[in-house]
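See below for the structure under consideration.
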Protein chains: 2
Amino acid sequence: MAFGDQLVDAGGKIAPDDDGDIGELNEIVGFHIRLAHGACYRHFTETFAELELTQKQVSALWLVDDHPGISQIEVGTRLRMDRATTMTIVNRLQARGFMRREKSATDGRKQALFLTDRGHDALAQAKEAIRAHEAWLKSRFTQKEVDTLMELLARIHE
Amino acid sequence: MAFGDQLVDAGGKIAPDDDGDIGELNEIVGFHIRLAHGACYRHFTETFAELELTQKQVSALWLVDDHPGISQIEVGTRLRMDRATTMTIVNRLQARGFMRREKSATDGRKQALFLTDRGHDALAQAKEAIRAHEAWLKSRFTQKEVDTLMELLARIHE
DNA sequence: CTTATTTGTTAGTGGAGCATACAATCCTGC
DNA sequence: GCAGGATTGTATGCTCCACTAACAAATAAG
């Protein structure tokens, strides 16, 4: 990847051995969160290339499986998505035959969401892939570090 | 937000006091990374609403300021973006008069990137906003925890 | 010199987040 | 019980980001 390259030219000074330096940016917590998320996202996408499922889709399948009959607004709230975004996720999963909408018996405004048989199959496969993905992620940490990381991350999003 | 709501209906059992439960999903590290990133992204977007700058744009401005004459490919490599994505970022920043491209003196394939005066102004404002954003992020941690978090995150994206 | 690689560019695809607007349903205050 | 407000789902449209594929120009490698 051309390490040791000349980084400043066109009249600037030469700065060798500047490998991947990002200066003060390295001290920004938000920046590291974004990079870690990006790395995670890319590995996830690779892992789920065959299944053709995104993080959001898997999360939604998982959540509906855990809570059959859950409403769209609840799915959105728990996964931190707004109504419009949740719609597109559910639409896709429904179009692929993984999920179905039923009129809620207790609240006419709500849709009750359920997995189809194909949805259960897809989720089972997805959980296998998640295991591989998580193994990749956790391979660089001790269990204690994993616990610490999750606790710290939870404080950000709770 | 209707906590204590009935979550399972349409024939299912009632599950009260299920506030925000996401079941096993809660044990997935990648899930917490995504949620933390989302929370971070939303706060960043709010903080930068007036400046109309995105995380990527600020990172790129910052990096070019630190390394005047850096090439697009280097920006992309260091910020973990591919060439095409880097293009769109630089295009936007150039269109807004924050950045300019010069032909590299040492490698005819490369563009040397520089901030304009307006770009320096924008970055100065952005750094102010970053301070507020980082303060929000760090407010829930001790300095030691911040260090730990950054170290753990770095292991993911390095 | 010929070939392969690197860099920038363009064009197109898809996911995700958000805002707005609207209709149906539910809930509250009177 | 009724009117007004809130909630939920839906539709539309916008922006941003990541990626692919293809191409041209320049450099590097054989």
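Below, read A as the first sequence line, B as the second, and so on, with proteins coming before strands; counting in each chain starts at 1. As a basis for the values below, the full set of heavy atoms in this structure was taken, side chains included, without hydrogen atoms, waters or symmetry mates.
At whole-Å resolution of the value, CD in B:Glu46 and C1' in C:dA19 are 14 Å apart. Following rounding to the nearest Å, A:Leu35 (CG) and D:dC17 (P) show an atom-to-atom distance of 14 Å. Put simply, NZ on B:Lys103 is 13 Å from C1' on C:dT6, counting in whole angstrom units. For the pair A:Arg96 CZ and C:dG15 P, the computed distance is 9 Å after rounding to whole Å. In this entry the distance linking OH of B:Tyr41 with P of D:dT15 reads 13 Å, nearest Å. Remark: P of C:dA19 and CE of A:Met87 are 17 Å apart, rounded to the nearest angstrom. A:Phe44 has its CZ atom 15 Å from the P atom of D:dC19, to the nearest Å. Straight-line distance from the CZ atom of A:Arg42 to the P atom of D:dA18: 7 Å, rounded to whole Å.
For CD of B:Gln143, the number of neighbouring non-hydrogen atoms (other residues, nucleotides, ligands) closer than 6.0 Å is greater than 12.
Residue A:Gln72 has no polar side-chain atom (N or O) positioned under 4.0 Å from OP1 or OP2 of D:dT7. Contact annotation: B:Gln111 reaches the phosphate of C:dT9 (side-chain N/O to OP1 or OP2, under 4.0 Å). Contact between the side-chain N/O atoms of B:Lys56 and the OP1/OP2 oxygens of D:dA18 is found at a separation under 4.0 Å. For C:dT9, the OP1/OP2 oxygens have a side-chain nitrogen or oxygen of B:Arg101 closer than 4.0 Å. Regarding contacts with the backbone of C:dA16, a side-chain N or O of A:Arg92 is found under 4.0 angstrom from either OP1 or OP2. The side chain of A:Gln55 places no N or O atom within less than 4.0 Å of a non-bridging phosphate oxygen (OP1 or OP2) of C:dG15.
A rotation axis mapping the C1' atoms of four pairs onto the next four is fitted at both ends of the helix from C:dC1-D:dG30 to C:dC30-D:dG1 over five pairs, and the angle between these axes is 40° to 10 degrees.
Looking at B:Glu74 and B:Lys110, no side-chain N of the basic residue comes within less than 4.0 Å of a carboxylate O on the acidic one, giving no salt bridge. Under a 4.0 Å N-O distance rule, the pair A:Glu145/B:Arg155 qualifies as a salt bridge.
Toward the 5' end of DNA chain C, the nearer of the two residues A:Gln57 and A:Ala84, judged by each one's closest nucleotide, is A:Gln57.
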**Message:** What verdict does the salt bridge (charged side-chain N to carboxylate O under 4.0 Å, His left out) test give for B:Glu46 and B:Arg42, after you've listed the backbone C-alpha separation in whole Å, the side-chain angles of each residue and the deciding distance to 0.1 Å?
**Reply:** CA-CA 6 Å; B:Glu46 268 181 62; B:Arg42 273 184 286 274; over 6 Å; no

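Side-chain N/O atoms of A:Arg96 and A:Asn91 include no donor and acceptor closer than 3.5 Å. For the 3.5 Å distance criterion, the side chains of A:Arg100 and A:Gln94 fail to qualify, holding no donor opposite an acceptor.
Side-chain atoms of A:Asp107 lie closest to C:dT25 of the nucleotides C:dT25, D:dT20, D:dT10. In the set C:dG8, D:dG9, D:dC17, C:dG8 carries the atom at the smallest distance from any side-chain atom of B:Ile73. Checking C:dT9, C:dT25, C:dT7 against every side-chain atom of B:Arg109, the shortest atom distance belongs to C:dT7. Among the nucleotides D:dC19, D:dG9, C:dG8, the one closest to the side chain of B:Lys110 is C:dG8. Distance from the side chain of A:Met81 is smallest to C:dG17 among C:dG17, D:dA11, C:dT5. Nearest nucleotide to the B:Ile89 side chain, out of C:dT10, D:dC17, C:dA16: D:dC17.
With sequence neighbours excluded, the residues that form a salt bridge (Lys or Arg N to Asp or Glu O under 4.0 Å) with B:Glu128 are B:Arg131.
No hydrogens or angles were tested; on distance alone, a donor-acceptor pair under 3.5 Å links the side chain of A:Arg83 to the base of D:dG9.
Residue-level contact check: B:Arg34 touches neither bases nor backbone, having no heavy atom under 4.0 Å from any strand. Using a 4.0 Å heavy-atom distance criterion, A:Thr54 is classed as a sugar-phosphate-only contact.
Between A:His133 and the choices A:Phe44, A:Tyr41, A:Phe48, the ring-ring contact (aromatic ring centres under 6.0 Å, His included) rule is met once, by A:Phe44.
Here the shortest heavy-atom pairing between B:Ile156 and A:Ala36 reads CG2-O, 3.8 Å.
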